[in-house]
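The structure under discussion appears below in the form of structure tokens.
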Amino acid sequence: MNSGGVFDLSQAKTRLAAIETDLAKPGAWDNPESLTPILREKSVLSSKVTDGEKLLAAKNDLEEWLEMGKEEDNAEILEALDDQTRLLSTLLADAELAAFFGPQDNADAILEIHPGAGGTEAQDWAEMLLRMYRRWTERKGFGCKLLDLLPGDEAGIKSVTLQISGPYAYGMLAAEKGIHRLIRISPFDASGRRHTSFASVDVYPDAAEDIDIDVKEDDLRVDVFRASGPGGQHVNKTSSAIRITHLPTGIVVQCQNEKSQHRNRETAMKVLKARLYDLELKKIQAEKQESYEAKNAIGFGSQIRTYTLQPYRLVKDHRTGVDVGDVEAVLDGDLDKFIRGYLLHAGHAA
């Protein structure tokens, strides 16, 4: 991650005040779509100002407790000093992470999950990952919209696409891009044998309205088909599902969750633009480049993280060495330790 530079709280407050003044002017909201970039900047600045003020307040409180400690040494003051030191350390750690985010990281994220080979077992693992990311978004207070879902034949899912919205959603979820491996006693194996399953997670920055992605109609092949799986009588009995193939890159996206063909096409184009934008970012930023064509197979030796439920319980990230023994907490969306490890690792390697 490229450093975001030194943060100046005073300058941020001044810029935030200027934005709020502009938004309060008559006619400012006549064209809401044109405000997307400025509202995104306002959201980021508001978050940074709030975090900056918390950090400054914690520093001032610690200094006051230190002064009191010089005058009077008792258990209550020592306990308060300990609490305040831990709070300041936590806030400083968060500020350190924020320094690794670049402008491109402050985007909503398009997240896709695809099971590897293995049928129902792998499809069930993909659905477990879907729940994990949904729980993570709840913990963060982020928005999470289901764009497309193809259910498995017996259980689990064959694919899913989510739109996750929140400050630096893409910057954080980029840590999850890669192959995820699960080792467990399979609930689908009557013999109770241990199975290894794989699923891939892809993350793309959502191409916001202010980003110009030129997609020519001649470069697209659009297929219309009948939606499969749950979704109501109308969805299943009309040819409303859309599959779009971008011929120059071979990227294929589809959407079948909406009732109308028009809405499905709109959503599919949104995902396509996000993926094309991601390709452009990879060309521009060589240190982040992970060639789309050279993507590893979903199988042994290519995983970024392993979730072991048997014979012991551990989640280990193979890129950073971060591991957590509380597997249930991780699968319930507690991913911040892994995301932090990745950001620090990527930032120091850049």
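Residue numbers count from 1 along this sequence.
Distance alone, capped at 3.5 Å, places no donor-acceptor pair between the Thr267 side chain and the Asn264 backbone. In this structure a side-chain-to-backbone donor-acceptor pair under 3.5 Å is present from Asp148 to Gln256. A donor-acceptor contact shorter than 3.5 Å links the side chain of Ser186 to the backbone of Phe188. A distance-only check finds no donor-acceptor pair linking the side chain of Asp202 to the backbone of Lys177 [under 3.5 Å].
Contact check for Pro187 versus Glu121: side-chain heavy atoms found under the 4.5 Å cut-off. Using a 4.5 Å heavy-atom cutoff, the side chains of Phe225 and Ser240 are not in contact. Taking the side chain as every heavy atom from C-beta outward, Leu182 and Thr196 never approach each other to under 4.5 Å. Residues His318 and Thr306 meet the side-chain proximity criterion, which asks for heavy atoms closer than 4.5 Å.
Salt-bridge formation is detected for the pair Glu217/Arg265: a Lys NZ or Arg NE/NH1/NH2 atom is positioned less than 4.0 Å from an Asp or Glu carboxylate oxygen. One finds a salt bridge joining Asp189 and Arg193 here, because a Lys/Arg side-chain nitrogen approaches an Asp/Glu carboxylate oxygen to under 4.0 Å. Of the charged side-chain nitrogens involved, at least one lies within less than 4.0 Å of a carboxylate oxygen, so that Asp332 and Arg139 count as a salt-bridged pair. Salt bridge annotation for Glu127-Lys158: absent, with no cationic side-chain nitrogen under 4.0 angstrom from a carboxylate oxygen. Glu41 has no carboxylate O lying under 4.0 Å from a charged side-chain N of Lys48, or vice versa, which leaves the two without a salt bridge. A salt bridge does not link Arg275 to Asp278: none of the charged side-chain nitrogens sits closer than 4.0 Å to a carboxylate oxygen. The pair Lys145-Asp206 does not count as a salt bridge, with every side-chain nitrogen at least 4.0 angstrom from each carboxylate oxygen. Ion pairing of Asp61 with Lys59 is absent here, as no side-chain N (NZ or NE/NH1/NH2) approaches a carboxylate O to less than 4.0 Å. With respect to the salt-bridge test (charged N to carboxylate O, under 4.0 angstrom), the residues Lys270 and Glu266 do not qualify. A salt bridge links Lys25 with Asp22: at least one charged nitrogen is closer than 4.0 Å to a carboxylate oxygen.
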Discussion item. Glu176 vs Tyr133, test: side chain to side chain donor-acceptor pair (under 3.5 Å). Steps then yes/no.
Written reply: CA-CA 10 Å; Glu176 299 302 297; Tyr133 291 120; 2.7 Å; yes

Worksheet entry | Stepwise side-chain contact (heavy atoms from CB on, under 4.5 Å) test for Leu35 and Leu23 | CA-CA 9 Å; Leu35 294 176; Leu23 292 174; 4.1 Å; yes

Item to complete: Go through the steps to decide whether Leu88 and Leu55 satisfy the test side-chain contact (heavy atoms from CB on, under 4.5 Å), and finish with yes or no.
Response: CA-CA 7 Å; Leu88 185 59; Leu55 185 60; 3.7 Å; yes

Worksheet item: Does the side-chain contact (heavy atoms from CB on, under 4.5 Å) test come out yes or no for Met128 and Leu331, once each step is laid out?
Response: CA-CA 7 Å; Met128 290 170 65; Leu331 293 175; 4.0 Å; yes

Discussion item. One pair to check against side chain to side chain donor-acceptor pair (under 3.5 Å): Trp136 and Asp336. What are the steps and the verdict?
Written reply: CA-CA 9 Å; Trp136 180 80; Asp336 286 351; 3.2 Å; yes

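Checking Asp317, Val315, Val322 one by one against Lys337, the side chain to side chain contact (heavy atoms under 4.5 Å, CB included) holds for a single residue, Val322.
Here the CZ-CZ distance, from Arg305 to Arg181, works out to 13.0 Å after rounding to the nearest 0.5 Å. Atom CZ of Arg184 and atom CH2 of Trp125 lie 8.5 Å apart (nearest 0.5 Å). A distance of 8.0 Å separates CZ in Phe198 from CD1 in Ile183, rounded to the nearest 0.5 Å. Atom-to-atom distance recorded for Thr137:OG1 and Met132:CE is 11.5 Å, nearest 0.5 angstrom.
Considering only residues two or more places apart in sequence or on other chains, Leu56 meets the side chain to side chain contact (heavy atoms under 4.5 Å, CB included) condition with Leu9, Asn60.
Surrounding CD of Glu79 are at most 12 heavy atoms belonging to other residues, nucleotides or ligands under 6.0 Å away. Around atom NZ of Lys42, no more than 12 heavy atoms belonging to other residues, nucleotides or ligands sit under 6.0 Å away. Within a 6.0 Å radius of CG in Asn74, more than 12 heavy atoms belonging to other residues, nucleotides or ligands are found.
Using a 30° and 60° split on the angle between ring planes, Tyr168 and Phe101 fall in the parallel class, below 30°.
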